[in-house]
Amino acid sequence: MCGIVGYTGVQGAAPILLEGLQKLEYRGYDSAGIAVMEDSRILVSKVTGRIVNLCEKTQNGAAVPGSTGIGHTRWATHGAPTEKNAHPHLSNDGRFAVVHNGIIENYRALREELISKGYVFESETDTEVIVHLMEMYYHGDVKEALIRTSNRLHGSYALGVICSEEPGKIYAVRESSPLILGVGVQENYFASDVTALVNHTRNVIYLEDGEFAEISGDQVSVYDCLGQPIPKKIARIAWDVQAAEKGGYEHFMLKEIMEQPGAVKATITPRIRDGRVFFEELKLSDDELRQITRIVITACGSAYYAGCSGKYVLEQLARIPVEVELASELRYSNPLIDDHTLLIAISQSGETADTIAAIKECKKRGARTLAIVNVVGSTIAQLADYAVYTWAGPEIAVATTKGFTTQLSVLYLLAVLFADRLGYLVGRSAEMIAALQQIPMYIQQAIDMNHRIPRLANKYHKNHSLFFIGRNTDYAIALEGALKMKEISYLHAEAYAAGELKHGTIALIEDHQPVIAVCCNPAVMEKTMNNIIEVKARGAEVLALTFRNNQKIVSAADDFLFIPDVNPVFAAVIEIIPLQLLAYYTAKENKCDIDKPRNLAKSVTVE
Ligand code: F6R
C-alpha cells in the first residue's frame with residue numbers, strides 16, 4: 001500500500017525523502033511526490049510512475065532545497081494514478097502540505113461540507129479533505145488543528161503534515177495504519193516502516209493508534225488524541241533492510257496472509273453504509289438489475305476459484321443463476337451471452353490476457369460487464385462497464401492470498417446487495433450485514449487458532465501427492481487450497497468434489513494417502529463425513545478442516561485445521577486461511593522459493 005516518509009534535521013531533506021521512498025517501493029505504488037520546506041515556503045514536486053522520475057524531476061532533490069519535508073508513494077485508490085491525485089496535497093492557502101496512507105471512509109461527506117464552505121479541491125482523493133480541514137481548524141496552533149482534524153476522520157490513516165508557519169517541524173498521526181518514528185542525532189524521521197529508516201537510524205518509537213508526534217531536529221514529542229504528552233520508549237531495530245521490507249516476515253506470502261484481516265476490512269467497510277451494502281461505482285438501477293437473468297463469472301486461476309465459491313452465495317442469496325467459466329475457455333466457446341447477462345470478471349492484476357479477451361468477447365455479445373479488480377486503472381478496470389476495486393493493496397508474492405479473500409469478499413457484498421435490492425433479504429438484512437462486518441475478525445481468529453500448522457506441514461510435506469475433498473462451497477475452497485499447495489510446495493495436489501470419489505478417484509486411496517477434507521458447510525457436512533469414513537476405511541490419513549468444537553469430525557479424522565464458528569454463508573473466506581498457511585509451511589519444509597515459485601509470473605499478460 002502507499003508509503004510515507006518525513007524528515008527534519010540539518011541535511012537537505014529531499015535526497016533523504018527520495019531514498020526513503022525508494023526503500024518503500026516494494027509496497028507497490030503508481031505515483032509519488034515530496035514537499036520540502038525552506039524557511040516558510042513549501043515546494044511540492046510530484047510524478048506518475050517510478051521514483052526515478054521524481055529523482056530526475058527534482059535533480060535528485062537539488063531542485064527542492066530545505067531541510068524539512070514529507071514524501072509519499074501512492075497506490076491509487078480514490079482517483080486515477082495522476083499527478084493531481086499524487087500526494088502531497090496542499091491547502092488552498094498554501095500553509096499546509098499533507099501525505100496520507102490509508103482510507104478516509106467519510107471523505108464524501110467531509111468533501112461536500114468543505115466545498116460548501118468555499119474550499120477548492122484539486123484532486124479526486126479522499127486525502128485532500130485532510131489538508132483543507134487543517135486549514136479550517138488552524139488558528140495559530142498546528143497541534144490543535146491536527147487534533148480537531150483527526151477527530152473528524154473515520155477510517156485508517158497515517159498522516160504526515162508540514163506547516164509553513166512552523167519551519168523545521170513535521171507532524172505525524174497514526175490511526176489503524178502503520179507509522180513509526182526514527183530518532184537520530186539532530187535529525188528525526190517518520191516512515192510507514194523501518195525500511196525507509198534503517199540506513200539512517202535504528203532507534204525508533206512505535207506510535208499507537210490515536211497518537212500523534214510533533215517532531216523537530218532535536219526533539220520528538222508524542223501526544224494522545226487529547227493533546228496530553230505520552231512518554232515513549234525508544235526501541236532498537238535489529239533487522240536488516242531486506243527483512244524490514246517484509247515487515248519482519250520471512251516471505252511476502254506470509255506477510256500478505258497476515259494482512260488479510262486489514263485487507264478484507266478495507267474491502268468491506270467502505271461498502272457498508274447505514275446498514276446496507278452500497279457500491280458507489282456500480283450505477284445499476286433496480287430495473288436494470290431485474291433485467292439480468294443470468295450471471296456469468298469469468299477469471300483464471302485463484303480468481304476463478306473465488307468465482308466458484310462466490311457462485312453459491314450469489315445464487316443462494318440473490319436467486320440469480322450463476323455460471324463460472326475459465327476465461328481461457330469462455331473466450332473460445334462461442335458463448336451464449338446476451339444483453340440480459342451480467343458478466344463478472346475477476347482479476348487481481350487487471351492485466352490477465354485471457355480475462356481481457358473473455359470480457360471483450362462477452363461485451364461484443366451485449367453483456368453488461370462488471371470487473372472485480374485490485375489494481376486501479378488496470379486494463380480490465382477500464383474495459384468493464386463497472387470496476388469494483390478490492391482495495392487489497394499491492395500483492396507481491398506470486399501466489400495470491402489477500403487478492404483471493406478480497407475478491408470473494410466483493411462477491412459476498414454483491415450477493416447481499418443484489419438480494420436486498422431484489423427483495424430477498426426481508427428480515428435477514430441486519431444479520432447478513434453483521435456477518436459481513438465480522439469477517440475480518442474471524443479471519444484473524446482463523447490465523448490465531450491454527451498455530452499447529454507448521455507441525456502438520458512437517459508431517460505431510462514428504463508425501464508426493466495430496467487429495468483435497470469437499471462439497472459445494474467447501475469444494476470451491478478445496479480447489480483453491482490444492483492450487484496453493486501445488487504452486488508453492490510443488491506437491492501434487494488435486495481437489496475433488498467429495499461425491500465424485502466413488503466415480504473413480506477412490507481407486508487411488510491406499511495406506512497413508514493424505515486426504516484433506518474441507519468440512520465446514522452444514523448443509524453437506526454429514527455427506528462429507530461419510531466420505532471421510534470411506535477414505536479412512538481404505539487406509540487414508542485424514543486432515544479435516546472444520547469448525548472448532550465439531551466433535552463428530554474430530555473423532556473421525558487424524559488431524560485438524562480449525563475455523564471459528566462463523567455464519568456458514570460466509571464461511572468459505574475463512575476456510576481458505578488455514579489452507580494458505582498449510583501450503584506456506586509445507587513449501588517452507590520443502591525449501592521452495594515461496595514468493596517466486598518456479599515457472600510462474602505474478603501477472604499473466606500473454607495467453
Ligand atoms: C494463484 C494465482 C493465479 C492468479 C491468476 C489470475 O495463486 O495467483 O492463479 O489467480 O493468474 O490472476 P489475476 O487475478 O491477476 O487475473
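For the numbers below, each heavy atom of this structure counts, side chains included, while hydrogens, waters and symmetry mates do not. Note that ligands are numbered from 1 as they come in the structure, with each ligand's atoms numbered from 1 the same way.
- Each of the atoms 7 (O) of ligand 1 lies under 4.0 Å from some heavy atom of Ala399.
- Residue nearest to atom 13 (P) of ligand 1, selected from Val373, Asn374, Thr352, Val375: Thr352 (by heavy-atom distance).
- With hydrogens and angles disregarded, no donor-acceptor distance shorter than 3.5 Å links the side chain of Asn472 to the backbone of Val524.
- If you check which protein heavy atom lies closest to atom 6 (C) of ligand 1, you get Cys300 O, 3.4 Å.
- Using a cutoff of 4.0 Å between basic side-chain nitrogens and carboxylate oxygens, Glu259 and Lys402 are scored as salt-bridged.
- Taking CZ of Phe570 as the start and CG of Leu413 as the end, the distance is 8.0 Å to the nearest 0.5 Å.
- Proximity of a side-chain donor or acceptor of Tyr29 to a complementary backbone N or O of Ile51 within less than 3.5 Å is detected.
- The closest side-chain donor-acceptor pair between Arg455 and Tyr585, if any, does not fall under 3.5 angstrom.
- The ligand atoms of ligand 1 that sit less than 4.0 angstrom from a heavy atom of Gln348 are 13 (P), 14 (O), 15 (O), 16 (O).
- Considering backbone and side-chain N/O of Glu487, one or more are found under 3.5 Å from N/O of ligand 1.
- Of the protein's non-hydrogen atoms, the one nearest atom 15 (O) of ligand 1 is Ser349 OG, 2.6 Å.
- Salt-bridge check for Glu480 with Lys484: passed, with a basic side-chain N closer than 4.0 Å to an acidic carboxylate O.
- Neither side chain, Arg74 nor Asn101, offers a donor N or O lying under 3.5 Å from an acceptor on the other.
- If you check the side chains of Thr390 and Asn374, you find a donor sitting under 3.5 Å from an acceptor.
- Residue contacts with ligand 1 include Lys484, since one or more of its heavy atoms lies under 4.0 Å from the ligand.
- With hydrogens left out, the protein atom closest to atom 4 (C) of ligand 1 is Ser302 N, 4.0 Å, a heavy atom.
- Near Val398, the atoms of ligand 1 lying under 4.0 angstrom from a non-hydrogen atom of the residue are 8 (O).
- Near Ala303, meaning under 4.0 Å from any of its heavy atoms, are these atoms of ligand 1: 10 (O), 14 (O).
- Distances below 4.0 Å separate heavy atoms of Ser347 from the following atoms of ligand 1: 13 (P), 14 (O), 15 (O), 16 (O).
- Here the heavy atom of the protein found nearest to atom 11 (O) of ligand 1 is Val604 CG2, 4.1 Å.
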